[in-house]
Amino acid sequence: MEPRRRVKLSKLQPHAGPPPAAADEGRRSGNATRTRAEEASGEALPIGRPAAARRGPSSAVRRWPWRRSVSTAVGLSLAGLLALAQAWCVNAIHENLLWFSQLTEMEREISFRTECGLYYSYYKQMLQAPSIQEGLSELIHDNLTESKRTINLLQRMNIYQEVFLSVLYRLLPIQSYLEPVYFYIYTVFSLQAVYVIALYLTAWLLSGSWLAGTLSGVWYLLNRVDTTRVEFTISLRENWSLPFLALQVTAITCYLRPQLTALQQKVLVWLMYVTTFCFCLTWQFNQFILLVQALVIFTLDCGDFLTGTQVTTMYLVQVFGLLSVWLLQFCNSMILGSLVLSFIVAALFIRHCQSGLKTGSPLVRLAKLLLHSAMVLLLTVTINYLAKKALQLRSDEHIFKFIKSKLALGLTRDFDASLYLCEEAFGRLPLDTLERLGGTLLLYPYVLTLLLLSAMLAAAAVHNLRPKGCSAEERKGGGEERAAAFRPDVAYNLLHTLFYGLLAFSTMRMKYIWTGHMCAVAAYGVCGKELWTLLLNTLRCNSRVLLRLVRYAVPLLVMGCLYYKFWPKLMEELSELREFFDPDTVELMTWISTKTPKRAVFAGSMQLLAGIKLCTGRVLTNHPHYEDKDLRERTKQVYQVYARRSPEEVHSILRAIGADYVVLENSICYEKRHSRGCRLRDLLDQANGHIMDGPGENDPDLVPASHPRFCEAIKTETEAYGALFTRTFQNKTFHVYRVKKKSKKSSKEPSGAQ
C-alpha cells in the first residue's frame, strides 16, 4: 500500500429531462408563442426574433419522431452519470483525506469539526435514544446543550434532517451492514448528485440542448474547490440546503417557460413550494437567501418581464414555505420577524394599491416605478421594525450589525459582529477564485454571456417602458405584454446569477450559491441558440447549418480541452492518500470520557465544545449555533478566560453558568493566525476597553488593563489562581482546569480530577 501522509485536520484548507414547452397563461405577444412543430422538437425560443420570422422545424424531426426520444434518453443518462461521478468523487476525496474507513469511532467523530460536530451529535443522540418518541422528547426538552437552561432544539436549530435520517436508519433493514455514520455521510454526498442533476436540467431547459447540461455538470465537478466544500464540512447546513435551492431554480425556470397547461402549472407550483420548504427547513440563513430571490422577482416585475399571476405565485410560494417551517419549528419568532416576509407583504400590498403602475408615457412610468420602489422599501422597514418590536426579537441583530459594517455604514467594535468580520469566510471574495474559474474555461464564457444578456435585458426593459398601443382592457384580456424577444426564464436566471454574484463578492462564504449556478449560465451561453444567433448575425454569416455546427462543435471542443487539461490532475488528486492525525484532541476526548462525571459541565471555545458534546456527551456552557441573543452574551462571558481579567472575575463568571471544567487552548491564547485587531484576545480587549497586545495603534479611548491575561497567568499556578482553579489535564494543545466551589472557611480544595 502506498504510504499515507499524516495531516492534522484543522490545517486542511477547504475548498434534464427534455425541455417542456412552457409559458404564462394569457400571453399573446410575439416572443411568447411558438409553432406546435417547434414545441414538439423541444427547441427554446430564440431571443431577438419573433416567432413569425422563424423557420419551421427540420423535416428530419418529422421523418424520425423517435430521434427526440433517443436524445432525451441520452441526456437523462448523462445527467445520471455526472451526478454519480460527483457523489463518488467527493466520497473518494473524503476517504483519502482522512483514511476514514480505518479510523476509530472517536477519531471519526473528531473529524466533524466545529458546528458540524454539534449537528451530528443530535443524529447520534436520536439513534442512542430508547425510542423515537423519547429521542424527540430529549430534543424538545434539551438540558445538555446549554447548562442551567432547557431549550427546544427543534425550535432553535435546523436539525430536522438529522431527525429524519435517524428515524429512517431505525426503520430501514440496513443496521447490520451499514454503520450510522456512513448512512449519514452517504446521504449528504447523494445530495451533491441531486445538485448536479438540478444544474444539468436548468442548463438544458435554458438552451434546449443536453450538451449544455453535460458541460455544466463537468464544470461543477472540475471547479469543486469553489463550488462545494462538502468533503470536509459534511454536516454544514448549506450542504443540505443548496441542492434544494438548485432544484427550486430548476422548477422556476420551467414554470416561466411558454405554453404551460393548467396541470403543468399546478405541478410546478407544488415543486417550487416543496423545494423552497426543504431549503428553508435545512438552513438557518434561509431568510437572507430568499430575500435576494425576492428582490430578483421584484426587479422582474418592475421591468414587466413577468405576469401578475407569476409574481404573486412566486411570492406566495416563498411565504408558505417560510410559514410551514415556522410551524415545524414551534413558531420560531425569527422567521416571522424576517426581512423577506416584511418585504413580500410590502411588495404585494403596494402592488395591489398601485393599479396603474404600468401605464403612461415612458417618463411617467419610470417615475411611478421609482416611487413604487421607495414605497416598498419604506413599508418593508416599517413592517419589520414593528414585527420585531411586537415579537421582542433580537436573535439576528448581530447579522444586521455585520451587514452594516460590510456596507461601510460605520465601523463597529461589537464583539459578535467582529467575530464574523474577522473570519476569512465572511470577507470579500479573493481574486484567486476568479483565476481558478478562468483556468477551467468557466469564467470567460460566463462573463461574455452575462454582458450580452445584460445589454439585451436593459434594452428589453427600456422597450417595456413604451406605450403598448392598446387599451388596458385589451392588455388585460390578452395577458400582460412584455418586451418582444426576451424570455422570462432567461431573465430570471440572469438576475439570479447577477444578484447572488454580488452577494458572493461581498461575502466569500456565499460563493457556493453563486458558482454552481454560474456553471449552468455559462453552459447556456455556450450551447444556447440565442447568443450564437446574435453573434453570427453580427458577423453576417448566419445560416441554419452553421448555427447547428457551432452549437454542437464549441461545447464538444471545450469538453475536449477540459479532459486533456484536467483529467490527469483529477486522477492525481484522487490518488493522493493522507491520514487523520490529531493525537492531542483524541487524548483530551479520551480523558474527558473516562475521568470526568457524565453530567460534568464544560466551558471553552464554541468549536471545541461542539466536539466535546459529540465525543463525550458532556454538558456545555455554549456552542457554535450563534442565532440566540442570550447564547451570544454567554459566549462572550466564557471567552473572558482569554481576556485580561482577574481570577476572581473569571471564577465568578464560570460558576454563574454552572461550569465544572474550563478548557484553555494554546492556539487561541497565543493565536497567530489572524492579524492584530482580529485575534480573539484583541476582540475581547477592545470590547472590555483595554489596549491590545503588541505594537500598533489603539483607539484613543482604550486603557491599559489592570490584570494579566488569564489564560497565560493561570499557568503560573500562583496562590490567587490555585485557590480557585485546579489543573487536571494538559498536553501540548489543551489545558483543563477544574473550577472549584468557593468554601466558607478555606479557599483551598484537594486537587485531582473528579
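All values below were derived from every heavy atom in this structure, side-chain atoms included, with hydrogens, water molecules and symmetry-related copies excluded.
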**Q.** Leu363 CG: over 12 foreign heavy atoms closer than 6.0 Å
**A.** no

(Q) Restricting to side chain to side chain donor-acceptor pair (under 3.5 Å), what partner residues turn up for Glu238, sequence neighbours left out? (A) Arg229, Arg509

Q | Gly337 backbone acceptor or donor facing Asn384 side chain under 3.5 Å | A | yes

Q.
Between Gln293 and Tyr492, is there a side-chain heavy-atom distance shorter than 4.5 Å?
A. yes

Q: Of all the heavy-atom pairs spanning Leu366 and Leu465, show the shortest one and how long it is.
A: N-CD2, 4.4 Å

Q) Got Met559 and Leu211 here, is their nearest side-chain heavy-atom distance under 4.5 Å? A) yes

Q: Would you please classify the geometry between the His496 ring and the Tyr500 ring as parallel, tilted or perpendicular, with 30° and 60° separating the classes?
A: tilted

Q: Search all heavy atoms of Ala460 against all heavy atoms of Phe305 and return the closest pair with its distance.
A: CB-CE2, 3.6 Å

**Q.** Sub-4.5 Å side-chain heavy-atom contact between Leu316 and Leu348
**A.** yes

Q) Any sub-3.5 Å donor-acceptor pair from Ser338's side-chain atoms to Ile335's backbone N or O? A) yes

Q. Nearest heavy-atom pair of Tyr195 and Gly516: which atoms, and what distance?
A. OH-CA, 4.1 Å

(Q) For the CG atom of Leu535 and the CG atom of Leu547, what is their distance to the nearest 0.5 Å? (A) 10.5 Å

Q: Please examine the side chains of Val554 and Trp532, heavy atoms only from C-beta on, and report whether any two atoms are closer than 4.5 Å.
A: yes

Q.
Using the rule given for side chain to side chain contact (heavy atoms under 4.5 Å, CB included), can you reason through Leu457 versus Leu495, listing the C-alpha separation, both sets of side-chain angles and the distance that settles it, and then say yes or no?
A. CA-CA 10 Å; Leu457 183 75; Leu495 291 186; 3.8 Å; yes

Q: Before giving the answer on side chain to side chain contact (heavy atoms under 4.5 Å, CB included), spell out for Met272 and Tyr255 the whole-Å C-alpha distance, their side-chain angles and the decisive distance to 0.1 Å.
A: CA-CA 9 Å; Met272 286 192 293; Tyr255 174 71; 3.8 Å; yes

Q: May I ask you to decide if Ser71's main-chain N or O and Trp210's side chain share a donor-acceptor pair within less than 3.5 Å?
A: yes

**Q.** Pair Tyr273-Ser324, side-chain donor/acceptor within less than 3.5 Å
**A.** yes

(Q) Tell me if the aromatic rings of Phe298 and His372 count as close, with their centers under 6.0 Å from one another. (A) yes

Q) Around atom CZ of Phe164, are there more than 12 heavy atoms of other residues, nucleotides or ligands at under 6.0 Å? A) no

Q) How close do Leu300 and Ala491 get, heavy atom to heavy atom, and via which atoms? A) CD2-CB, 3.7 Å

Q) Which pair of non-hydrogen atoms, one from Gln265 and one from Leu260, has the smallest distance, and what is that distance? A) CG-CB, 3.7 Å

Q) Considering only heavy atoms from C-beta outward, does the side chain of Asn223 approach that of Thr515 to under 4.5 Å? A) no

Q. Does the side chain to side chain contact (heavy atoms under 4.5 Å, CB included) test come out yes or no for Arg551 and Ser209, once each step is laid out?
A. CA-CA 9 Å; Arg551 285 185 66 210; Ser209 170; 3.6 Å; yes

Q) Under 3.5 Å, is there a donor-acceptor pair between the side chain of Asn537 and the main chain of Thr533? A) yes

Q: Report the distance from atom CG of Leu306 to atom CE of Met314, rounding to the nearest 0.5 Å.
A: 6.0 Å

(Q) Checking the side chain of Asn464 only, and the main-chain atoms of Asp304 only, is there a donor and an acceptor separated by less than 3.5 Å? (A) yes

(Q) With a 3.5 Å distance limit and no angle check, can you tell me whether Thr261 reaches the backbone of Gln264 through a side-chain donor-acceptor pair? (A) yes

Q: Output the distance between atom CG (Leu370) and atom CZ (Arg365), rounded to the nearest 0.5 Å.
A: 12.5 Å

Q: Please tell me if the side chains of Leu323 and Leu336 come closer than 4.5 Å, counting only heavy atoms from C-beta onward.
A: yes

Q | Spatial distance of atom SG (Cys280) from atom CG (Leu245) [nearest 0.5 Å] | A | 9.5 Å

Q) Are Arg237 and Glu627 within salt-bridge range, i.e. N to O under 4.0 Å? A) no

(Q) Please confirm whether the ring centroid of Trp514 lies under 6.0 Å from the ring centroid of Phe505. (A) yes

(Q) I'd like to know if the side chain of Thr228 and the backbone of Arg224 have a donor-acceptor N/O pair within less than 3.5 Å. (A) no

Q. Got a second to check how far Ile350's CD1 is from Leu378's CG, nearest 0.5 Å?
A. 8.5 Å

Q) Can you tell which of Thr250, Asp489, Thr253 makes a side-chain hydrogen bond (donor to acceptor under 3.5 Å, both in side chains) with Thr202? A) Thr250

Q. For Gly213 and Ser216, which heavy atoms make the closest approach, and how far apart are they?
A. O-OG, 2.7 Å

(Q) Side chains of Thr276 and Gln248 only: does a donor on one sit below 3.5 Å from an acceptor on the other? (A) yes

Q. Does Tyr446 reach the main-chain N or O of Ala520 with its side chain, forming a donor-acceptor pair under 3.5 Å?
A. no

Q | Side chain proximity check, Leu165 to Gln161, heavy atoms < 4.5 angstrom | A | no

(Q) Does any part of the side chain of Asn493, heavy atoms only, come nearer than 4.5 Å to the side chain of Thr497, both counted from C-beta? (A) no

(Q) Determine whether a donor-acceptor pair (N or O, by modelled atom type, separation under 3.5 Å) exists between the side chain of Thr282 and the backbone of Phe279. (A) yes

(Q) To the nearest 0.5 Å, what is the distance between CG on Leu78 and CG on Leu215? (A) 12.0 Å

Q: Determine yes or no for a side-chain-to-main-chain donor-acceptor pair under 3.5 angstrom, with Thr227 supplying the side chain and Tyr220 the backbone.
A: yes

Q) Will you find, in the side chains of Gln329 and Gln155, an N or O donor that is under 3.5 Å from an N or O acceptor? A) no

Q: Please lay out, stage by stage, how Trp283 and Ile289 fare under the test side chain to side chain contact (heavy atoms under 4.5 Å, CB included).
A: CA-CA 10 Å; Trp283 198 10; Ile289 308 305; 3.9 Å; yes

